[in-house]
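Structure first, then comments.
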Protein chains: 2
Amino acid sequence: MSTRIVEVRAKVRKQNDLLAHALRRRFWDSGVSVVGLVSSPGSGKTAFLEKLLGGLARDFRVAALVGDLATENDAARLKRASPNVRQITTGTICHLDAQMIERALEGWQLNTLDFLFIENVGNLVCPSSYDLGEELRFVLLSATEGEDKPLKYPTIFNSSDVAIITKMDLAEVADFDLAAARRNIESVRPGMQIFEVSAKTGSGMQNVFQLLRDQLIHSRESCPAPQVEV
Amino acid sequence: MSTRIVEVRAKVRKQNDLLAHALRRRFWDSGVSVVGLVSSPGSGKTAFLEKLLGGLARDFRVAALVGDLATENDAARLKRASPNVRQITTGTICHLDAQMIERALEGWQLNTLDFLFIENVGNLVCPSSYDLGEELRFVLLSATEGEDKPLKYPTIFNSSDVAIITKMDLAEVADFDLAAARRNIESVRPGMQIFEVSAKTGSGMQNVFQLLRDQLIHSRESCPAPQVEV
């Protein structure tokens, strides 16, 4: 890559980081717990998010922003689980950025929410460089994608907090080697918490709900996010 | 995105296109048929390519370049099917470009080959903007990824020549709607040729072998690739 494009990109990322820090502070002040979702296309982010919104909506006030290059299909689908869903279409851009999040939030009263989920564009490369101000980032890996993805895309695992192995109902027919997948995640991100779920059967989802509930309590009891000078 | 980054990217792409045109001419002069493979991470590019190399190696001289951010695993795996395999590791870059291809070919006698396959980094966005000088580009979509990917990532389908639906052995358990997938491909790229395969069972692979044989005969009988002024 040319030196010039590297320099321009670094500048854009610095601006993004400043805005992401401001968003993180705003989320904290509003008492909303913000969780980002990243993964390959087709690894089941939307099905997983549908289950999350449906399961949490009984006890909490939930909302979601969903990113795609094109179509409003995901937002339409998720609105069945919660009315507070907005689509962000990025055109040809392979990731969301903090400015897109800020714009998409316009008019929403964040202090009326408990959880806000941000589903990124399906991509294992681009989203890793763009902080969106989330409190937690989940990286999803489906049982049908193969066990080697953490080794091939280490940065996205390193820039995430929790790994979710999805489509576990297909693990056996897809010859998925769960132990190898766990080993590969552990080798690129030692100590990373890993959940195994199936949005189709609902298996494992209770553990994720518990993590989110604990996170909400923890973040409301903790000190504000520090103001970072970038 | 800033105007500046758009301008810099346009310049980089123009340089890439010039180099890709030179590569295309060189491939034509050498009589080698070059096929690119693009898809999401985990949609089965390497398993498909392994079958292609294994099946074609009986009658043809074959080689492959494989792109990944990290690891040399794919090249090691493919070398079981053909000794002429080289890995390109891109670091944090989400696609191959023409310069990477030119460098990776150093020392290879292209006129001793019939087919050269180029497996791109697993990504449905970035590779669509970078011509690698291929004669044909295959876009792969696995039955476990969902039918909506052509609608969500139209550009990668528009910049490809042939669609390959992989993992057809899992179509039933994954509730894959083949008719919807075909309709979605047709809507973003009318008339696109579509193949359904399973690298695991080998089903549908004969049709792809036939396409490649026909392509080789056709390209050796046709006129040289035109010199395009970019």
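Proteins get letters first, then strands, A, B, ... in listed order; numbering begins at 1 in each.
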So which of A/Gly44, A/Pro41, A/Cys94, A/Ser40 has the biggest tally of heavy-atom pairs under 4.5 Å with chain B? A/Pro41
Measure from the side-chain N and O atoms of B/Lys167 to the backbone N and O of A/Thr144, and report whether any donor-acceptor pair falls under 3.5 Å. yes
Which atoms of A/Lys152 are under 4.5 Å from chain B, going by heavy atoms: the side chain, the backbone, both sets, or neither? both
Give a yes or no on whether the backbone of B/Ala70 and the side-chain of A/Tyr153 come within a donor-acceptor separation of less than 3.5 Å. no
Supply the atom-to-atom distance B/Thr92 OG1 to A/Ile156 CD1, rounded to the nearest 0.5 angstrom. 12.0 Å
Roughly how far, to the nearest 0.5 Å, is the NZ atom of A/Lys149 from the OG1 atom of B/Thr71? 9.0 Å
Do A/Val125 and B/Leu69 have side chains that get closer than 4.5 Å, going by heavy atoms? yes
Taking side chain as everything from C-beta outward and backbone as N, CA, C, O, which of these in B/Asp74 sits under 4.5 Å from a heavy atom of chain A? Side chain, backbone, both or neither. side chain
Beyond-backbone contact of B/Leu170 with A/Leu170, side-chain heavy atoms, under 4.5 angstrom: no
Could you tell me whether the side chain of A/Asp175 reaches within less than 4.5 Å of the side chain of B/Lys200, counting heavy atoms only? yes
CG (B/Asn123) and SG (A/Cys126) are apart, to the nearest 0.5 Å, by 5.5 Å
